[in-house]
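The structure under discussion appears below in the form of structure tokens.
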Number of protein chains: 2
Amino acid sequence: MAGPRTVDTPERVRDSARTRAEILDVATAEFAANGYDGSRVDEIAALTRTTKRMIYYHFGGKKQLYIAVLERAYARIRAAERQVELDDLDPVAAVRRIAEVTFDHHGAHPEFIRLVSIENIHHAEHVKELVEMVDLGGPIVALLEDILRRGRQEGLFRSDADAIDVHMMISAFCVFRVANRHTFGTIFGRDLVDPARTDHYRAMCGDMIVRYLAA
Amino acid sequence: MAGPRTVDTPERVRDSARTRAEILDVATAEFAANGYDGSRVDEIAALTRTTKRMIYYHFGGKKQLYIAVLERAYARIRAAERQVELDDLDPVAAVRRIAEVTFDHHGAHPEFIRLVSIENIHHAEHVKELVEMVDLGGPIVALLEDILRRGRQEGLFRSDADAIDVHMMISAFCVFRVANRHTFGTIFGRDLVDPARTDHYRAMCGDMIVRYLAA
DNA sequence: CTAGTTATACGAACTGGTACGTTAGTTAGC
DNA sequence: GCTAACTAACGTACCAGTTCGTATAACTAG
């Protein structure tokens with residue numbers, strides 16, 4: 001944030017990195033709130049301290065801006081996955097830990113979940129461009145494969161479950177709770193993200209995967 | 001260019017019910033494919049054998065048409081739920097049966113799942129209008145409550161699980177498999193709706209809920 | 001150190017096209 | 001001959017992307 005060169009002009013300075021970051025912040029909120037087609041480039045520009053021209057100057061267009069937003073959102077969950085510490089946990093505790101990390105991340109980042117939902121409406125066409133640049137799934141799959149291998153060696157886990165399916169079951173629970181909370185809450189009168197119920201659902205998620213995996 | 005209606009033209013009769021149904025069919029496909037903002041009233045009209053004015057004549061506007069589409073889609077899953085026969089099944093088999101019915105319905109109606117995702121992007125604002133007219137959640141909850149009560153009486157089920165949470169867990173799995181298949185398939189290289197894997201995932205869904213519920 | 005030069009960062013106003021909804025009029029059927 | 005069902009063509013607002021021009025930082029030669 002501090003001026004890298006001169007100390008004058010506290011604001012209104014030329015700083016492309018800052019401008020880009022501010023556009024990305026606003027665009028993330030807008031795209032998550034309104035979807036791709038529902039978002040307006042003019043509106044995103046109006047919510048920044050710069051103009052629409054800068055969006056085209058720095059990103060090229062609405063679509064590229066959206067891809068940049070997606071890229072940053074996925075980078076953040078990979079960072080969360082990378083920080084999990086579970087070398088000293090037994091396999092059962094380790095899968096529960098992973099489920100809880102996923103649960104907490106999705107609960108804390110509903111805008112990421114919304115972007116993923118939006119992306120699926122668009123048949124993942126933008127994520128398809130992303131995976132050509134970064135490996136989004138590798139880290140979590142490698143982590144789970146290691147735990148499953150240990151668990152099977154110790155005779156704790158069933159042998160017909162693989163890492164991708166385990167991740168799928170955990171994601172299904174954690175994504176649904178956030179992604180579908182509006183229709184679910186409206187139809188069943190239960191707020192899935194009510195803070196008073198968070199511990200209940202975190203435990204439910206852990207129980208689900210641990211019991212499913214049990215030999 | 002086109003001659004008057006001197007030629008036969010076997011159909012082309014005035015039939016408001018048929019016109020409404022045709023508009024609804026096309027609109028369902030369009031909204032499910034492109035989302036609400038991504039769908040075009042002109043395009044929907046072009047895909048019917050009538051004109052855009054008829055959409056406004058019969059439904060009032062884009063939003064009301066979308067609500068009518070949602071209403072019909074929800075009516076269909078309630079019909080599927082109503083037809084489940086499980087009076088002669090023990091509680092464990094009965095929950096598995098319900099999970100399978102949900103699994104099969106969602107697998108067979110991806111357009112419904114997409115509409116639900118789209119609706120959540122819009123904070124369920126249209127479903128909120130729907131629930132004032134019809135009770136969408138009652139039937140499945142009543143069904144599950146009955147099974148859970150029997151299961152608890154027989155000492156088969158844990159006592160800290162209620163019908164809404166059980167439905168949530170089943171829905172999470174079945175909805176995720178369809179709703180997120182594009183991003184998941186792109187990132188992890190596994191097609192969740194590959195017919196060759198359908199039996200595997202149906203069994204996985206049943207195992208999940210049965211094991212979670214076990215006392 | 002400084003005057004001249006260039007690359008980068010920025011903004012106001014505009015344009016071409018698109019999309020929802022309407023106006024005005026037509027036809028079928030009782 | 002009255003009305004529900006229907007059609008073509010239009011109007012207005014909006015929106016992605018562009019044009020053209022300006023200001024500032026960074027660099028270079030003298």
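Here is how names work: the chains are called A, B, and so on, in the same order as the sequence lines, proteins then strands, and each is numbered from 1.
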In whole angstroms, how far is the [atom2] atom of [N] from the [atom1] atom of [X]?
X: B:Lys52; N: D:dG11; atom1: NZ; atom2: P; answer: 14 Å
X: B:Ile55; N: D:dA8; atom1: CD1; atom2: P; answer: 14 Å
X: A:Asn34; N: D:dA16; atom1: CG; atom2: C1'; answer: 16 Å
X: B:Asp37; N: D:dC14; atom1: CG; atom2: P; answer: 15 Å
X: A:Asp42; N: C:dC14; atom1: CG; atom2: P; answer: 15 Å

Centroid separation B:Tyr201 to B:Phe103 less than 6.0 Å: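 No, they do not, as the ring centres are separated by 6.0 Å or more.
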Contact check, side chains of B:Val127 and B:Tyr74, non-hydrogen atoms, under 4.5 Å: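 Contact flag for B:Val127/B:Tyr74 side chains = yes.
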pair B:His182-A:Glu119: side-chain heavy atoms closer than 4.5 Å: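 They are not in contact (no side-chain heavy atoms under 4.5 Å apart), so the answer is no.
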Touch class at under 4.0 angstrom, heavy-atom based, for A:Thr48 against every strand present: nothing
Touch class at under 4.0 angstrom, heavy-atom based, for B:Arg53 against every strand present: base
Test: A:Arg202 and A:Asp104 ion pair at under 4.0 Å: yes
salt_bridge(A:Arg72, A:Asp25) N-O dist < 4.0 Å: yes
Short side-chain N/O contact from A:Thr50 to OP1 or OP2 of C:dG11, under 4.0 Å: yes
side-chain N/O B:Thr19 vs D:dA5 OP1/OP2, d < 4.0 Å: no
Within residues 57-72 of chain B, residues whose heavy atoms come under 4.0 Å of DNA chain C: B:Lys62
With respect to the side chain of [X], which nucleotide from [options] is positioned closest?
X: B:Tyr56; options: C:dA19, C:dT22, C:dG11; answer: C:dT22
X: B:Met54; options: C:dA9, C:dC20, D:dA5; answer: D:dA5
X: B:Thr51; options: C:dG21, D:dT7, D:dC15; answer: D:dT7

Pairs touching residues 163-175 of chain A that satisfy salt bridge (Lys or Arg N to Asp or Glu O under 4.0 Å), sequence neighbours left out: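 Salt bridge (Lys or Arg N to Asp or Glu O under 4.0 Å) check on residues 163-175 of chain A returns A:Asp165-B:Arg190.
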Nearest-0.5 Å distance, CD of residue A:Glu132 to OG1 of residue B:Thr186: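 Rounded to the nearest 0.5 Å, the CD-OG1 separation comes to 10.0 Å.
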